[in-house]
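Every value quoted in this text rests on a predicted model; they were computed, and no experiment measured them. Numbering starts at 1 and runs along the sequence shown.
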Amino acid sequence: MAPTGEIPHDEHGCDEALARAFQFLGKRWNGVLLGTLMGGAAGFAELRRAIPGISDSVLSDRLSELSGAGLVQRTVREGPPVTVGYRLTAAGEALLPALEELMVWSRRHLTDERCRAATRKRRTASAAAE
């Protein structure tokens, strides 16, 4: 029983803050964009070139979301030509240790071969169920 004033903890329930973080950071491209900006400020075209497969519209949407969440700062530089740059805010930089740990973990435990094997296994199971 939880002491008076404490909220009981369900040991098998997911922490609400962790779920919220993964819901936001796990959205396609958000984590990759933050990881790309770990190397420093970049312009829109630089980010597009650095992240193969992302469309201009999705890149723009994700940068707006990250900016709205206070993780990325958008700066417009008057031209000619007018340029737009993006950099991590202090809140975005606070994620760097966690992102670096995720990279280390992924290199050790989530190799390309393991991902391919998991995809093959899922497809085989799906085909067998049909």
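- Heavy-atom contacts from other residues, nucleotides or ligands closer than 6.0 Å to CD of Glu16 number 12 or fewer.
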*Stepwise side chain to side chain contact (heavy atoms under 4.5 Å, CB included) test for Leu110 and Trp105*: CA-CA 7 Å; Leu110 199 59; Trp105 176 85; 3.8 Å; yes
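- Nearest heavy atoms, Thr36 versus Ala50: CG2-CB, 3.9 Å.
- Residues Leu96 and Leu88 form a side-chain contact, since some pair of their non-hydrogen atoms from C-beta on lies under 4.5 Å apart.
- A donor-acceptor contact shorter than 3.5 Å is absent between the side chain of Ser106 and the backbone of Leu102.
- In the hydrophobic clustering of ILVMFWY residues, with side-chain heavy atoms under 4.5 Å counting as a link, Leu99 and Phe22 come out apart.
- Residue Gln73 is tested with Leu66, Thr89, Leu37 for a side-chain contact (heavy atoms from CB on, under 4.5 Å); the sole match is Thr89.
- Scanning both residues, Asp56 and Arg48, for their nearest heavy atoms gives OD1-CD, 2.6 Å.
- For the pair Leu63/Leu47, a side-chain contact is recorded, criterion being any heavy-atom separation below 4.5 Å from C-beta on.
- In this structure, CG on Leu18 lies 10.0 Å from CZ on Arg20, to the nearest 0.5 angstrom.
- Phe24 approaches Asn30 most closely through the heavy-atom pair O-ND2, 3.0 Å.
- The two residues Ala17 and Asp15 make their nearest non-hydrogen contact at N-OD2, 3.0 Å.
- Under 4.0 Å is where a charged nitrogen must lie from a carboxylate oxygen, and between Glu46 and Arg49 no such pair does.
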*Assess whether side chain to side chain contact (heavy atoms under 4.5 Å, CB included) is satisfied between Tyr86 and Leu33, documenting all intermediate values.*
CA-CA 10 Å; Tyr86 299 89; Leu33 274 165; over 6 Å; no
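- Counting heavy-atom neighbours within 6.0 Å of Arg116 CZ, excluding the residue itself, gives a total above 12.
- The nearest pair of heavy atoms linking Ala41 to Arg87 is CB-CB, 3.8 Å.
- When side chains are defined from C-beta on, Val76 counts as touching Glu78, because their heavy atoms get closer than 4.5 Å.
- Note on Met38: it clusters hydrophobically with Leu59, by side-chain heavy-atom contacts below 4.5 Å among ILVMFWY residues.
- Scanning all heavy atoms of the two residues, the minimum distance from Arg62 to Arg28 falls at NE-O, 2.9 Å.
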